Structure formats: C-alpha cells, structure tokens
Amino acid sequence: MTQTVPRLLLIDGHSMAYRAFFALPAENFSTTTGQTTNAAYGFASMLINVLRDEDPTHVAVAFDVSRASFRTEQYPEYKEGRAATPDEFKSQIPLIQQILDAMGVGWLTLEGYEADDILATLATQATEAGFETLICSGDRDALQLVNEQVTVLYPVKGVSELSRMTPAAVEEKYGVPPQRYRDLAALVGEKSDNLPGVPGVGPKTAAKWITAYDGLAGVIASADQIKGKAGENLRAHMSDVIRNGQLNKLVTDVVLAKSAGELRWEGWDATATAELFQVLEFVTLQDRLRTQLGQRQIGDIAEVSPVPVVTARLKLLGTGELAAWLSEHATDTTVGLAVEGRFAAGGGGIDAIALAVEGEEAWCDPAAFDGSDEAAWLAWLADADAVKVVHEAKQLLWAAAPLGWKVAGITCDTALAAYLIRPDLRSYGLDVLVERYLGRQLGPVVEEEAQPTLVGLDESGPGEAAATLARRATAVHDLAAVLVKELESHNADELLTDMELPVQRVLADMETRGIAADVAHLSDLAASFAAQAAEAVTDAHAAVDQQFNLRSPKQLQEILFDKLGMPKTKRTKTGYTTDAEALASLFAKTEHPVLAAILRHRDVEKLKQTVDGLLASVADDGRIHTTFHQTVAATGRLSSSDPNLQNIPVRTEAGRRIRRGFVVSQGFDALMTCDYSQIEMRIMAHLSADAGLIEAFNTGEDLHTTVASRVFGVEPGAVDAEQRRRIKAMSYGLAYGLSAYGLSQQLGIKPEEARGLMDEYFDRFGGVRDYLRSVVDEARRKGYTETMFGRRRYLPDLSSDNRQRREMAERAALNAPIQGSAADIMKIAMLRVERALADQGLTSRLLLQVHDELVLEVTGDERVAVESLVREQMSAAATLAVPLEVSVGFGTDWDTAAH
DNA sequence: TAATCTACGTA
DNA sequence: CGTACGTAGATTAC
C-alpha cells in the first residue's frame with residue numbers, strides 16, 4: 001500500500017494500560033511465576049488492533065515518569081486524592097515497555113511533564129511536517145489537540161473499542177469545537193485531576209456560555225452579565241476556572257529525544273516477540289501478529305524448539321559382543337543407561353538395553369544374550385565401581401528384581417536429581433528435563449546429518465527403536481553431569497547420594513513385596529456398603545418424593561435450594577456448596593430427612609469406592625502393590641497411588657473395618673505399625689528453639705494439656721477438654737500458616753476470640769512466633785525454604801503482585817521446612833531400619849510408609865528384636881532438641897496393629 | 001474424549 | 001481465609 005501522507009500514531013501508555021488493567025480480570029492473567037499480566041496483555045492486544053486498523057507509518061508511546069510534574073509545582077493539589085496506583089499495575093509498565101521494544105515501537109518519557117505533553121508536542125511537530133496524526137488516549141485533555149489533521153481515538157469500553165474523535169465528533173459530543181474544549185473543561189473542572197470547576201455548571205451550560213461569549217476569555221470578561229445561581233457560582237469560583245485553564249493547557253514544545261519524523265515504525269521483531277510472549281505466557285498474540293500484521297514482520301519466528309539431542313556413534317550389539325564393548329568403552333567412566341520393557345511393581349521385564357558414554361552408544365537385546373554376554377552384563381550391573389546414571393531407576397529395579405539381577409553403582413537418577421533442584425515441577429520426564437537443562441530436544445531426530453551411524457545391523461532391524469533408546473541413554477548421560485554440578489552448588493548432592501537414591505531402592509522393595517489383602521473380607525464390606533448406599537438412595541428419594549442423582553452436586557442444589565427453599569450455603573465457582581459441613585449445618589436448621597440420607601450416602605459411598613478400588617488392585621499374588629512417588633510432593637514427602645495406601649480411612653469405625661482387610665501374610669505373624677508421635681510439633685520446637693515448647697515436651701505429660709496449661713495459666717490438672725481441643729488445633733494450625741479467621745472457623749468461635757487465643761499462645765511461646773516470622777522473611781530474601789537437611793523449595797510467589805498467591809506462598813513457606821524436615825527424618829529412619837534388619841539377618845520387612853508411620857510385617861520370633869530395632873532406629877534418625885518418640889503396635893491386620 | 005469442578009479420604 | 005497429596009463422578013469444553 002502506498003501512502004501519500006505519512007501517518008503518526010501516538011499512544012498515551014499509562015492511560016491505555018490503566019484502562020486495560022480495569023477491563024480485564026487480573027485473576028485470569030497471571031504467569032506461573034506470579035506476575036500479573038492483564039494490563040500488559042490488554043495493551044498489547046489494543047496495540048495490535050490499532051496498528052492493523054490505522055496502518056501508521058510512524059508510532060510512539062508516551063509514559064508519565066511519576067505523578068509529579070510542572071503542574072504539581074504550580075498547584076500541589078493537582079491529581080491529589082487519587083487512590084494509590086496498585087502494585088499489580090505498576091509492575092506491568094516495564095512489561096509493556098518490553099513489548100514495545102520487541103514490536104519496534106518507540107516510547108518516550110520526560111521528567112517534569114506528563115505523557116499528554118509529549119503527545120501534544122509530537123502532534124504539533126507532525127502537523128507542521130504534513131502528517132496525519134492519531135492520538136490514542138483515555139484522557140479527555142487530549143481532545144484539545146483535535147483538528148483536521150489530528151484525530152483522538154478515545155476508548156469507549158475497555159480498550160477494544162475506540163471512538164474516533166474528529167472535530168465534528170467533538171463538537172457533536174460537547175457542543176464546542178475542539179480548540180475550545182479546554183475552555184469547557186476549565187469551567188466544568190476535572191474531578192480525577194482534583195481540579196474543581198464551577199458548581200452547578202456541567203458541559204451543557206459551559207458550552208452554551210462559550211458559544212454565547214465567544215470563548216472562555218469572553219465568558220470571564222462578561223461574568224457580571226451572567227444571571228442566576230450559575231452566574232453567581234462562576235463569579236465566586238473565577239480563580240478556579242482561571243487556574244484550570246492554565247493547568248489543562250498541554251505543552252506543545254517540550255524538548256524530546258526524538259522528533260515526530262524520527263518515529264518511523266519499521267515493524268515487529270518476530271524473534272523478540274516470540275521470546276517475550278513465551279515468558280509472559282501470551283499464547284495467542286504471536287499468531288495475531290502474524291495474521292493481522294504479517295506484512296510488517298521483521299525476521300523469522302525464532303526456532304523455539306531446541307535442537308535435538310546429538311546422537312553419538314551407535315553400535316547395535318549382536319550376540320557375544322557385549323563383553324568386549326563394555327571393557328573397551330565402559331570402564332572408568334560414567335555410563336548412561338536406558339532400558340526398555342514392561343515395568344510394574346512386582347513384575348515386568350526388560351526387552352532392550354542402551355548404554356551411552358562420551359561419543360559412543362551401544363544397544364543390545366537381553367533375549368539374544370549368550371553366556372559371555374550374560375556374565376559380562378551381570379558383573380557390570382552389580383559392580384558398585386562401574387558408575388551408572390539412570391532416569392527413573394526404580395523401573396529398572398522393579399524389572400531387575402524378578403530376573404535376579406543385582407544393581408549397584410547408580411550414582412545419579414536424573415529424575416531424583418532434578419526433583420532435589422526444583423521439587424515443584426509438574427513433570428520430571430526425560431524430555432522435559434532435556435529441554436530445561438540441556439536446551440535440547442529428546443524427540444526423534446529430523447535432520448539427515450544428525451542420524452546416528454548404525455553399525456552392525458541392516459536398516460530393517462531394530463534400528464529406529466534402538467536409536468530412540470540410545471538417544472535416551474545419551475540424554476541421561478549428559479543430563480546427569482549438568483544436574484549433579486547444580487546439586488553440588490546447592491550442597492544437596494548428599495541428599496541425592498545418601499537419601500533419595502537409597503530410599504528409591506527401599507521403595508522398590510516395598511512395592512515389590514506389596515501387602516496382603518483379605519479379599520473375602522473386603523468383598524463382604526463392599527457388599528455391605530453397597531446395600532447401605534442403596535438404602536440411603538431410597539430414603540433420600542422418598543424424603544423429597546422425587547428421583548435424583550445423589551452424586552450430582554448440581555441436582556442436589558436444585559433439590560435443596562430451589563425445590564425445598566433451604567438457605568443458601570457458601571458459594572463455589574459454579575453455585576453453592578453441598579459439602580458435608582454445609583449439609584450438616586442445613587440439617588441442624590431444617591432437620592429435613594433428605595439431608596441425613598444424603599450425608600449417609602456420601603459416607604458409605606466413599607467407603608465403598610475405596611474398597612472397590614482396593615479389590616480391583618489386588619494382584620495375582622493376593623497382594624496390593626502400591627506405587628510410592630518420590631518426585632511428586634514439593635515438600636519432600638512421598639505420595640502413593642494405584643492404589644493410594646496413604647489415605648485409607650482410619651477416623652471412623654466403618655473406615656477402620658477397611659483397614660482390617662490389610663492382613664499379615666503367610667510366613668509372618670503380625671503386622672507392626674510404628675508412628676512418630678507429634679513429629680511436626682517436635683520439629684517446630686527444635687527449629688524455633690522455644691524454651692517453653694521444648695520444656696513442654698520434656699515434662700513427659702500430654703503435650704497439648706501442658707501447652708494449654710501455660711496458655712491459660714492454670715495447673716495441667718485444671719485444663720478442661722475444650723481448652724485442650726483449642727490448643728491442639730492451634731498448635732497444628734501454626735505449622736500451616738493458620739490465620740485468626742481460619743482458627744475461628746475451625747473451632748467455631750469468633751475471630752476476635754481466636755485472635756486472643758493466638759496472642760496468648762504467642763505470649764507464652766514467643767520463640768515460635770519469632771521463628772515463623774523469620775522463616776517467611778528468609779524465604780522471601782533467598783527465594784526458597786530449606787529443611788533441616790538442606791532440601792530446598794523455591795517459592796517465587798512470595799513476591800507476587802497477587803495477594804492471594806502471595807499469601808498462599810507464605811503459608812507454604814511456613815509449612816515446607818516443618819513438613820519437609822519430618823519427611824527427611826522419616827526417609828532416614830526407613831534407611832536405618834532397612835539396613836539394621838539386613839545387618840541382623842532378619843526376615844521381618846518394611847511394607848508401607850504413611851508419612852509418619854511405618855508398617856512392617858514381622859515373624860513371631862523376631863518380634864521383640866524388631867520392636868527394639870525400629871524404636872532405636874526411628875528415634876535416632878535425627879537429633880533434635882526434644883526426643884523423637886515412637887509408638888508401636890502389633891496385630892494380625894492393620895487396624896488391630898494400631899495403638 | 002479430555003479437562004475441570006466438587007467432594008473427601010489421609011498425615 | 002491452614003499445608004501436602006490421590007481418586008472419583010459429574011459436568012463442561014472441545
């Protein structure tokens with residue numbers, strides 16, 4: 001498109017960004033690091049639209065430097081009384097400036113002047129140079145600049161809709177031509193600038209006067225002739241009007257770094273925008289740039305996907321070739337090991353093996369092993385001095401166990417290493433880590449030259465699959481070097497070597513063992529729960545004389561709130577909550593039988609689901625093999641799934657009947673449960689070094705009673721049940737970042753009362769308060785928290801603009817060192833227990849870990865020895881300022897083994 | 001079919 | 001408006 005007349009687009013950056021800030025919901029626009037981006041997104045979106053629609057040759061954006069300007073010098077009250085600019089907004093201005101840089105758009109600021117003055121100066125220069133000018137601003141002062149060559153684009157709704165303020169449009173809207181808009185504004189005043197006008201005079205009256213007396217000067221000169229209340233007011237507020245007129249005049253001759261003619265817009269930089277939009281997590285804007293402003297693109301989109309993993313020389317080993325390869329390439333060096341197969345706790349197999357060292361890869365199929373291969377493989381695999389690095393080594397351990405392979409010498413598991421570096425990633429997949437830490441791509445090699453050199457087999461063989469597995473081995477090899485170095489710089493390499501890697505082996509063993517299930521008992525339970533659930537459904541339908549799905553919160557809401565007209569409960573995103581607490585409170589108010597039936601149904605249905613899940617996961621060996629996940633919980637805890645054996649009911653009698661389905665197996669005589677008592681409170685006492693709390697643990701009396709007696713200033717014997725309950729809730733809540741409001745909800749008391757309780761508590765246990773404060777302060781300063789053993793958790797949200805995110809991060813910061821230290825201690829305890837059992841040649845064994853509890857199965861003759869061993873090893877797992885107490889119980893099932 | 005919401009079990 | 005998880009069914013979005 002050829003343009004005869006150059007066209008300059010000018011934008012008031014602050015004003016448009018501020019509009020966007022209020023137009024777009026901040027909740028929907030924030031990055032994973034907590035940066036709010038609603039204003040930046042709205043601004044960028046607006047800019048793209050305007051550039052497309054107006055097709056300018058020149059562009060500039062002006063920003064205010066601060067609220068202070070020559071106007072505040074002349075009139076200190078100027079713009080006073082405005083609400084403080086929210087931090088969530090301020091932090092987005094630099095983002096917008098980065099967007100402008102990436103889009104090749106110049107931006108200007110000038111100390112002592114407002115953005116409007118910059119725009120007025122540029123518009124004036126442009127007009128003199130024969131430009132057309134468009135000014136995009138939400139500030140009405142800009143209307144004074146409108147003329148035949150200058151149009152203001154004024155936002156009507158948000159920033160997506162702009163109205164073209166030409167001279168005719170200004171005149172139609174305000175009744176005066178644009179060059180007299182200032183006169184009108186002087187009379188009417190500008191509330192947002194704290195410039196009061198003449199009381200009782202709005203735009204209509206002002207326009208009438210300006211027309212009648214030929215401008216503001218005429219109005220002032222003829223003020224005596226104007227009749228009525230309005231005339232009186234004008235005379236009384238003459239000085240305001242004159243001042244307004246002086247202040248609202250935009251300066252058209254400020255000295256700028258660039259003149260209008262130097263603001264040519266060359267186009268947007270594809271690489272820069274792609275990189276920036278990725279950081280800001282703007283998913284669609286790059287596409288919009290391409291489709292809407294494609295002809296103004298500079299450069300190609302940056303290659304965002306990393307280059308592939310470079311594959312080294314790959315040798316496909318035939319039968320009888322492994323021993324030679326190992327001795328030639330795999331001695332005195334680190335070997336990346338990747339295996340392919342079917343992996344499951346208690347089963348599986350290995351179909352292919354790939355090995356990688358610097359510059360060399362090998363692939364082999366264990367099914368093709370001859371005697372020499374087998375011997376070489378087993379010797380190398382079991383050799384603790386043959387250094388191996390593996391990704392998710394537990395799979396290898398699962399598969400190795402039934403094959404009778406011994407595995408030693410694993411110095412790094414890249415998933416565990418990455419978890420210790422950043423424990424909050426969603427995935428620790430090899431592909432993710434390769435991209436993140438090597439800046440390369442694991443996926444199939446596309447480029448011809450990157451193809452591996454295949455040696456030894458024709459292309460129709462296992463070439464492709466072998467290359468893929470070999471690439472994984474190389475990736476692990478390269479990744480391990482990077483991750484270990486990073487860990488060492490955190491002093492966290494010992495956590496990998498002495499904690500996570502050995503724990504991984506213990507977990508693999510526990511998973512492989514599984515725990516015996518009493519299928520008949522569980523089946524009976526399932527049937528019984530099913531019958532009770534069916535009964536509850538019948539009762540519920542009868543109570544409301546209508547069939548409905550009790551599992552559907554939506555239908556439940558219709559019945560309760562629409563049909564029965566019950567009082568509304570707390571809001572959820574999509575309606576009103578029907579959770580158990582709300583239903584119970586509704587029942588207390590209405591005593592409607594449907595509520596009792598629903599609650600009963602919920603209870604029994606949940607139990608039934610748990611039992612059904614357990615039954616479905618009983619393996620052929622009659623045992624349940626859970627999977628413990630070592631890289632899921634950001635605090636360092638384990639998690640359990642398929643099935644989750646860390647959330648088996650225990651609080652109710654019906655729930656405990658499920659625990660009776662976990663039983664001791666043949667060859668053993670009892671299940672043994674071993675709990676740390678109050679481990680998190682003990683860690684809190686240790687970390688805070690609060691003398692009172694430490695003392696409370698050392699009295700040997702009930703902890704909560706002792707603490708309550710201090711808080712309430714009574715003898716321990718005089719602490720009543722309610723006092724103890726409150727203190728117990730408070731103590732536990734502290735480690736979660738409990739607020740006074742939360743505590744009041746928990747205890748069913750008023751927030752003020754909860755506040756008072758907290759104050760009393762902290763008066764007696766000031767060390768706890770100091771500790772909790774210092775944890776958050778330090779985390780904010782360093783960016784991460786640390787457990788007693790140096791396990792880090794990064795919390796970037798501690799500096800988020802978003803209050804909700806920030807406060808959530810603060811609570812996480814309070815909790816992470818406590819929960820995490822407890823997790824570390826339990827991991828150490830598991831290692832010590834496992835080692836002591838082995839050292840003493842005992843057959844009793846670990847089966848489960850439930851955060852602060854271990855479940856073992858023991859033989860009758862080992863029972864005494866194992867109890868003393870476990871007590872000793874768990875208690876000695878860490879040395880704290882208070883003792884680590886362990887309680888132990890035995891039984892033929894998990895419930896009766898509880899104590 | 002996949003993602004999200006609501007609800008609820010554990011430490 | 002108390003942390004950390006996993007699972008399930010219903011519902012909604014694609």
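Note that this is a predicted model, so its numbers are computed, not measured. Residue numbers begin at 1 in each chain, while the letters A, B, ... track the order of the sequences.
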Quiz prompt | Set of residues satisfying side-chain hydrogen bond (donor to acceptor under 3.5 Å, both in side chains) with respect to A:Asp895, sequence neighbours excluded | solution =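 Here the qualifying residues are A:Arg660.
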
In chain order, what residues pass the side-chain contact (heavy atoms from CB on, under 4.5 Å) check against [X], with sequence neighbours excluded?
X        : answer
A:Asp690 : A:Ser688, A:Leu693, A:Phe765, A:Val768
A:Ser739 : A:Tyr741
A:Gln555 : A:Phe548, A:Asn549, A:Ser552
A:Arg793 : A:Pro423, A:Ala634, A:Thr635, A:Thr785, A:Leu795, A:Ala812, A:Ala816

Exercise. Indicate yes or no for a side-chain donor-acceptor contact from A:Thr626 to the backbone of A:Pro643 under 3.5 Å, with no hydrogens or angles considered.
Key: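 Pair found, side chain donor or acceptor close to backbone of A:Pro643.
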
Exercise. Check for a donor-acceptor pair, side chain of A:Gln646 on one end and backbone N or O of A:Gln849 on the other, with a separation under 3.5 Å.
Key: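 Yes, the answer is positive, given that a donor and an acceptor are paired below the 3.5 Å cut-off.
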
Give one of base, sugar-phosphate or nothing for [X], where a contact means two heavy atoms less than 4.0 Å apart.
X        : value
A:Ala634 : sugar-phosphate
A:Arg793 : sugar-phosphate
A:Gly742 : sugar-phosphate

Exercise. Give a yes/no answer on whether the side chain of A:Arg811 brings an N or O atom under 4.0 Å of OP1 or OP2 in C:dG2.
Key: no

Quiz prompt | Side-chain N,O (A:Thr574) to OP1/OP2 (B:dC5) below 4.0 Å | solution = no

Self-check item: Options C:dG9, C:dT3, C:dT7, nucleotide nearest the side-chain atoms of A:Ser641
Solution: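 Of the options given, the side chain of A:Ser641 lies nearest C:dT7.
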
Quiz item: Considering only C:dG6, C:dA4, C:dG2, which nucleotide approaches the side chain of A:Asn815 most closely?
Solution: C:dA4

Quiz item: Would you say the base of C:dG2 and the side-chain of A:Gln746 have a donor-acceptor pair closer than 3.5 Å?
Solution: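 Answer yes: a donor N or O sits under 3.5 Å from an acceptor.
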
When the distance from [atom1] of [X] to [atom2] of [N] is rounded to whole Å, what number comes out?
X        : N     : atom1 : atom2 : answer
A:Gln609 : C:dG6 : CD    : C1'   : 12 Å
A:Glu605 : C:dG9 : CD    : P     : 8 Å
A:Leu772 : C:dG2 : CG    : C1'   : 13 Å
A:Tyr761 : C:dG2 : OH    : P     : 17 Å
A:Lys573 : B:dA7 : NZ    : C1'   : 14 Å
A:Arg726 : C:dG2 : CZ    : P     : 18 Å
A:Ile818 : C:dG2 : CD1   : C1'   : 12 Å
A:Leu638 : C:dT3 : CG    : P     : 21 Å

Quiz prompt | Residue list, salt bridge (charged side-chain N to carboxylate O under 4.0 Å, His left out) with A:Arg288, at least two apart or on another chain | solution = none

Quiz item: Going by atom types only, do A:Asp539 and A:His601 share a side-chain donor-acceptor pair under 3.5 Å?
Solution: no

Quiz item: Expressed in whole Å, how much space separates the P atoms belonging to C:dG2 and B:dT4?
Solution: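 25 Å, rounded to whole Å.
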
For nucleotides 8-11 of chain B, tabulate all protein N/O to nucleotide N/O atom pairs closer than 3.5 Å, reporting atom names and distance.
| residue | atom | partner | partner atom | Å |
| --- | --- | --- | --- | --- |
| B:dC8 | OP1 | A:Ala580 | N | 3.4 |
| B:dC8 | OP1 | A:Arg602 | NH1 | 3.1 |
| B:dC8 | OP2 | A:Ala580 | N | 3.1 |
| B:dC8 | O2 | A:Lys606 | NZ | 3.0 |
| B:dG9 | N2 | A:Asn647 | ND2 | 3.3 |
| B:dG9 | N3 | A:Asn647 | ND2 | 3.0 |
| B:dT10 | OP1 | A:Val650 | N | 2.9 |
| B:dT10 | OP1 | A:Arg651 | N | 3.0 |
| B:dT10 | OP2 | A:Arg651 | NE | 2.9 |
| B:dA11 | O3' | A:Asp852 | N | 3.2 |
| B:dA11 | O3' | A:Asp852 | OD1 | 2.9 |
| B:dA11 | O3' | A:Asp852 | OD2 | 3.3 |
| B:dA11 | N3 | A:Arg637 | NH1 | 3.0 |
| B:dA11 | N3 | A:Arg637 | NH2 | 3.3 |

Which atom pairs, donor and acceptor, lie under 3.5 Å between side-chain atoms of residues 723-737 of chain A and protein residues at least two apart or in another chain?
| residue | atom | partner | partner atom | Å |
| --- | --- | --- | --- | --- |
| A:Gln723 | OE1 | A:Asp720 | N | 3.0 |
| A:Arg724 | NE | A:Asp702 | OD2 | 2.8 |
| A:Arg724 | NE | A:Thr705 | OG1 | 3.4 |
| A:Arg724 | NH2 | A:Asp702 | OD1 | 2.9 |
| A:Arg724 | NH2 | A:Asp702 | OD2 | 3.3 |
| A:Arg725 | NE | A:Glu722 | OE1 | 3.2 |
| A:Arg725 | NH2 | A:Glu722 | OE2 | 3.3 |
| A:Arg725 | NH2 | A:Leu747 | O | 3.2 |
| A:Arg726 | NE | A:Glu722 | OE2 | 2.7 |
| A:Arg726 | NH1 | A:Glu753 | OE2 | 3.0 |
| A:Arg726 | NH2 | A:Glu722 | OE2 | 3.3 |
| A:Ser731 | OG | A:Ile727 | O | 3.1 |
| A:Ser731 | OG | A:Tyr761 | OH | 2.8 |

Quiz item: For DNA chain C, what string of dots and brackets results from 5' to 3' when Watson-Crick and G-U pairs need both distances under 3.5 Å, crossing pairs get [ ], and pairs with another strand get |?
Solution: ..|||||||||||.

Exercise. Keeping to residues at least two apart or across chains, list the ring pair (Phe, Tyr, Trp, His ring centres under 6.0 Å) pairs with something in residues 635-662 of chain A.
Key: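 Every pair satisfying ring pair (Phe, Tyr, Trp, His ring centres under 6.0 Å) with a residue in residues 635-662 of chain A: A:Phe662-A:Trp894.
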
Where do N or O atoms of nucleotides 11-14 of chain C meet protein N or O atoms at under 3.5 Å, pair by pair?
| residue | atom | partner | partner atom | Å |
| --- | --- | --- | --- | --- |
| C:dT11 | OP1 | A:Ser552 | OG | 2.6 |

Self-check item: Sequence-distant partners of A:Tyr794, ring pair (Phe, Tyr, Trp, His ring centres under 6.0 Å), two or more places apart
Solution: A:Tyr784

